[in-house]
Amino acid sequence: MQIATPVLALFRVCIYAFLLAPIVVVVLASFNAGNFLTFPPQGLSLRWFWTFLQNDVFLDAIAYSAILAAASTAVSLVIGTMAALYFVRHAGREAETVRVGVLLPLILPEILTAIALLFFFYEIGIGTEHKIALFTGHVLMTLPFVFLNVTTSLQGRDDSVELAARTLGASRYTAFRRITLPLIAPGLATGAVFAFIISFDTFGVSFILKGTGSAPLPIQLYDYLRFNFTPEAAAVSTVSILLTLVLVTAADLLFGRKA
Amino acid sequence: MTEVSLRALQKLYGKTLALKGISLDVAHGEFVSLLGPSGCGKSTTLKCIAGFEEVSDGRICFDNKDISRKLPEDRDIGMVFQSYALFPHMTVAQNLAFGLEMRRLSKSVIAERVAKAMEMVQLTPYADRFPKALSGGQQQRVALARALVIEPAILLLDEPLANLDAKLRNEMRGFIRDLQKRVGITTIYVTHDQDEAMTMSDRVVVMFDGEIAQAATPEEVYDRPASERVARFVGNANILELPVMAVRDRAAGGFDLTLPGGTPLHLAAPAPWANGALRVMARPEQISLTDPGFGQLGGRVAKRYFSGGHVEYTIDTDCGPLLVLGPTTQAVHEGDAVGLTFDASRLWPMAPESGAKP
Ligand SMILES: Nc1ncnc2c1ncn2[C@@H]1O[C@H](COP(=O)(O)OP(=O)(O)OP(=O)(O)O)[C@@H](O)[C@H]1O
Ligand SMILES: [Mg+2]
């Protein structure tokens, strides 16, 4: 059936509006001059950004989330790349098991992964007091994104380039560093950006596993919004949206065309 | 001098024996082809020589030194892959330099040898191109130069021409062959194309089911195949089963056979197993067409295919359909009655399939 182009265009606009409207609302609300989180904003002002920049709770939470995201991304990159290499190059009959295993945190509702980990860490006597529980949760949540992106950049190439490097005198490690790594770099970069953002934004796992003490940004925001309803929360969100945007744009500029 | 020596090589994949005891000596500077149908173990043999696969049993020696347990990077080989396996993120010059960098040569030496290698394969203008921006034939030459620039002791090629079109493939055959002779490098070449193996090699190794069926010069393999299977694999073969009338010398050769119709046919080749009847092979170009009533055997033209340089006939005879290659100048048409003459000096007896010929 032929759909008229204007209808299609309208449809497209509606989808974008649906996806982007909440973000626009939050961003606009963060420039609110009034005392309450309302839309449309009552006058424009940067006062809530100023308030937020003086609020150690949020600054700490952002720093905490950034460190957590960076650390879990780093670990995911290593484990995810190894899993992807195994899956594409070496796994025989067990390939599908490996794939499903790694992707399980993506397939299951996040809350299930979180609760399973909660049980697990209490069962082995560690509990959530140590950051290791939260950290493990974040690695699990981010792993599938690294795995998927690296897998994609590996698939469609056989291992003959690495073998060629070996015959030319490269050790296994050198062949990986000089040949494999550059080839999967776009996948690694995209995977890293995804992993970082997922870790930075994820709520369920952080909520269940955070323990006491400092908490990631989404949890802090949630706690804050339960008792305060000021545009400061919107200002925090705007900053975090900006951060995401910068990351994605940078990755796209660096690797977009190659990926 | 023996450069490469495979001794009773076996390779087991799980429960399947892909190589069932391959023994082969390749002399210094020799060009040897491994020829066989898909799945016969050609690539597996090459992978074992390169060190990508561990051998399950037997030994591989280079220059009489056992290297079966050495890593690929320590074997001093150059390899060309069917997919070329060029490094896509490096330019042509960088691809060629890689192996020299691994050998920690100085920048100036590397630059010099890369330049020389690029000249050798006529790619100098493409030094700064990435592989993606080259044609298949050019990529092929880069792969060849990259394998040779490190001046390895042995060159291995696994179906390097399989991805090229027919015309380019013919060109590259000559190119690789000439280059190999010029450099004088010991070469093992894997292919499933018998023309390729014949035209390029000093020696052809025919493999079936993980075993060597025959290892000999192209002429020998073509004219004196070790078995019917080899005969059929390396070219078109007419096999005639003919009764033996008299034996002059079983081992040295000398049999009188009869064709249907009673015409005698003399076979000069040895056939110690001869007993009552012999299966003999005649290549299509070893049979010529004559006027009906003449020749050693009568027949009728069933099919005629003109193919430029010559004409291919299928002739129905009392020995079954025979394939004959004739000159284009002969005016013979489908349905015509013809006579056939055999080039008796080149008739070759087929050993029975079970029990190899000595
Ligand atoms: N990694 C492997 N695991 C299991 N079996 C294998 C493996 N590689 C090869 N084989 C088997 O070993 C046999 C020989 O394979 P090989 O690749 O050497 O064949 P080939 O002669 O190169 O054929 P082709 O012309 O198709 O490339 C085949 O039966 C194949 O199925
Ligand atoms: Mg093969």
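Lettering of chains follows the sequences in order, A, B, ..., and the numbering in each one begins at 1.
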Working to the nearest 0.5 angstrom, can you tell me the gap between [X] [atom1] and [Y] [atom2]?
X      : Y      : atom1 : atom2 : value
B:L155 : A:T167 : CG    : OG1   : 10.0 Å
A:I179 : B:F98  : CD1   : CZ    : 4.0 Å
A:R178 : B:Q94  : CZ    : CD    : 8.5 Å

Grab the two heavy atoms, one from [X] and one from [Y], that are nearest each other, plus how far apart they are.
X      : Y      : result
A:P182 : B:H89  : CB-CD2, 3.4 Å
A:V161 : B:F87  : O-CE2, 3.3 Å
B:M102 : A:L168 : CB-O, 3.6 Å
A:L183 : B:P88  : CD2-CG, 3.3 Å
B:E73  : A:R172 : OE2-N, 3.9 Å

* Name the member of A:R166, A:R157, A:E162 that forms the most heavy-atom pairs with chain B at distances under 4.5 Å. => A:R166

Tell me if the [atom1] atom of [X] is crowded by more than 12 foreign heavy atoms within 6.0 Å.
X      : atom1 : result
B:K181 : NZ    : yes
B:Y13  : OH    : yes
B:E119 : CD    : no

* Interface moiety of B:E101 toward chain A, non-hydrogen atoms closer than 4.5 Å ->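 Contact with chain A is through the side chain of B:E101 alone.
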
* Let me know if B:R103 has heavy atoms under 4.5 Å from chain A in its side chain, its backbone, both or neither. =>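 Looking at B:R103, just its side chain touches chain A.
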
* Structure fact -> If you tally heavy-atom pairs under 4.5 Å between each of B:D74, B:L156, B:I77, B:L71 and chain A, the highest tally belongs to B:I77

* Tell me, side chain or backbone of A:A165 under 4.5 Å from chain B's heavy atoms, or both, or neither? -> both

* So do B:P72 and A:L163 actually touch side chain to side chain, heavy atoms under 4.5 Å? -> no

